[in-house]
There are 2 protein chains.
Amino acid sequence: MQNHEHMFEAFLVKKELKFTLPRKLILSTVFALHEHFDAEQLYDEVRKASRNVSRATVYRTIPLLVEAGLIQKSVRSEARDTYEHIYGHPRHAHWVCRECGGVLETDMQEICKQLQKRAAVQNFEIAEISLEIKGLCWKCRNNATESQ
Amino acid sequence: MQNHEHMFEAFLVKKELKFTLPRKLILSTVFALHEHFDAEQLYDEVRKASRNVSRATVYRTIPLLVEAGLIQKSVRSEARDTYEHIYGHPRHAHWVCRECGGVLETDMQEICKQLQKRAAVQNFEIAEISLEIKGLCWKCRNNATESQ
DNA sequence: CTGCTAATTGAGAATCATTCTCATCAAAGG
DNA sequence: CCTTTGATGAGAATGATTCTCAATTAGCAG
């Protein structure tokens with residue numbers, strides 16, 4: 001049993017919820033998937049392993065995974081909500097280009113440290129941090145100036 | 001005419017769009033509203049000024065205001081998309097409590113400076129910055145420990 | 001092993017914010 | 001006052017997510 005399975009099971013036990021077969025399947029599928037995914041992609045993958053898991057259960061399990069600290073919502077404002085692993089992945093900022101939609105990720109260890117300090121002062125317990133910068137990437141800036 | 005009206009008009013002219021009456025109305029309503037609002041609230045307010053503005057036009061104008069740099073999407077993951085003024089408002093981080101839903105705002109001038117530096121290196125042109133921290137506020141942490 | 005109880009599930013209907021369609025209207029220049 | 005093209009209003013359509021409810025399952029007690 002992998003580490004994230006232990007974590008999820010511990011979380012469920014604490015909440016007096018059951019570590020059922022559908023939940024096990026969804027969990028292992030999430031961690032077999034790319035770091036970024038949406039509910040529908042997850043559902044498709046889960047169905048490959050078992051046709052007996054419904055879309056509703058996938059949608060119901062995602063918030064549990066979020067609350068357990070295993071995943072969090074990722075880049076926003078797309079049609080579907082997207083999620084990303086946070087267990088075992090250092091936090092990173094997302095630089096989203098408004099023009100081409102490309103996403104660049106950069107390290108944010110330093111910023112996280114600053115936020116942790118501020119959290120201590122405010123007595124706030126951090127579960128998720130999302131930093132998103134939108135604008136124009138270098139490619140689209142070049143295209144914009146060329147076409148003038 | 002206020003400054004944000006000049007900005008919006010300049011933006012529209014540059015895009016070869018017209019500064020029509022509905023757009024003027026929506027713009028002035030946005031800036032008469034709280035810093036945070038959603039499309040429906042905006043629509044309700046606009047309708048108070050004129051019953052001849054449709055929901056569709058409100059929804060169509062919001063992305064223009066975003067692109068013009070006057071507003072941006074705010075705290076996410078609520079049912080409706082919410083927006084906040086950015087023209088004339090220093091950027092701030094949102095600390096969202098998962099338990100009570102409360103939102104605290106803190107300054108992020110320092111972080112913005114760091115991001116500007118990194119943007120210069122990447123040759124990225126920043127239009128929006130959103131920093132959202134989710135977790136438990138001090139009140140809800142206290143409640144949690146009491147009830148154990 | 002068997003029954004009990006409450007949580008969980010699957011299937012599909014329901015919701016509801018947002019987007020789209022399309023006929024009508026308005027602005028700006030000639 | 002035409003003309004052309006973008007803008008608008010009204011309501012239909014979309015589509016991700018949530019809800020409903022009867023059937024199933026897990027965990028426990030006997």
Length of the line joining [X]:[atom1] and [N]:[atom2], which is rounded to integer Å:
{"X": "Glu16(B)", "N": "dT4(D)", "atom1": "CD", "atom2": "C1'", "value": "14 Å"}
{"X": "Arg55(B)", "N": "dA17(C)", "atom1": "CZ", "atom2": "C1'", "value": "10 Å"}
{"X": "Arg47(B)", "N": "dA10(D)", "atom1": "CZ", "atom2": "C1'", "value": "10 Å"}
{"X": "Lys18(B)", "N": "dA28(C)", "atom1": "NZ", "atom2": "C1'", "value": "7 Å"}
{"X": "Ile26(B)", "N": "dA7(D)", "atom1": "CD1", "atom2": "C1'", "value": "11 Å"}
{"X": "Asp81(B)", "N": "dT17(D)", "atom1": "CG", "atom2": "C1'", "value": "14 Å"}
{"X": "Lys15(A)", "N": "dT8(C)", "atom1": "NZ", "atom2": "C1'", "value": "15 Å"}
{"X": "Arg23(B)", "N": "dA26(C)", "atom1": "CZ", "atom2": "P", "value": "15 Å"}

Proximal nucleotide (of [options]) relative to the [X] side chain:
{"X": "Ala56(A)", "options": "dA10(D), dT9(C), dG12(C)", "answer": "dG12(C)"}
{"X": "Arg80(A)", "options": "dT9(C), dA11(C), dT17(D)", "answer": "dT17(D)"}
{"X": "Leu17(B)", "options": "dA7(C), dG11(D), dA7(D)", "answer": "dA7(D)"}

query: How many angstroms lie between atom CZ of Phe124(B) and atom CH2 of Trp138(A), to the nearest 0.5 angstrom?
result: 13.0 Å
query: Rounded to the nearest 0.5 Å, what separation is found between the CD atom of Gln72(A) and the CG atom of Leu70(A)?
result: 11.5 Å
task: For the residue pair His94(A) and His92(A), categorise the inter-ring angle as parallel (less than 30°), tilted (30 to 60°) or perpendicular (more than 60°).
output: perpendicular
task: Establish, from distance only, whether the side-chain atoms of Glu35(B) and His85(B) form a donor-acceptor pair under 3.5 Å.
output: no
message: Considering every strand and a 4.0 Å limit on heavy-atom distances, what is the contact class for Leu21(A): base, sugar-phosphate, or nothing?
response: nothing
message: Tell me whether His89(B) at atom NE2 has more than 12 heavy atoms from other residues, nucleotides or ligands lying less than 6.0 Å away.
response: yes
field: Residues, nucleotides or ligands: over 12 heavy atoms within 6.0 Å of Glu40(A) CD
entry: yes
Exercise: identify the closest heavy-atom pair between Lys18(B) and Leu12(B): O-CD1, 3.8 Å
query: Are Glu99(B) and Arg141(B) ion-paired here, with the side-chain N under 4.0 Å from a carboxylate O?
result: no
task: Establish, yes or no, whether a centroid distance under 6.0 Å links the rings of His4(B) and His6(B).
output: no
task: Would you indicate, yes or no, if dT9(C) has its OP1 or OP2 atom less than 4.0 angstrom from a side-chain nitrogen or oxygen of Thr20(A)?
output: yes
field: Members of residues 58-67 of chain B that approach DNA chain D, where some heavy atom sits under 4.0 Å away
entry: Arg60(B)
query: Which of residues 34-42 of chain B sit near DNA chain D, with a heavy atom under 4.0 Å from it?
result: none
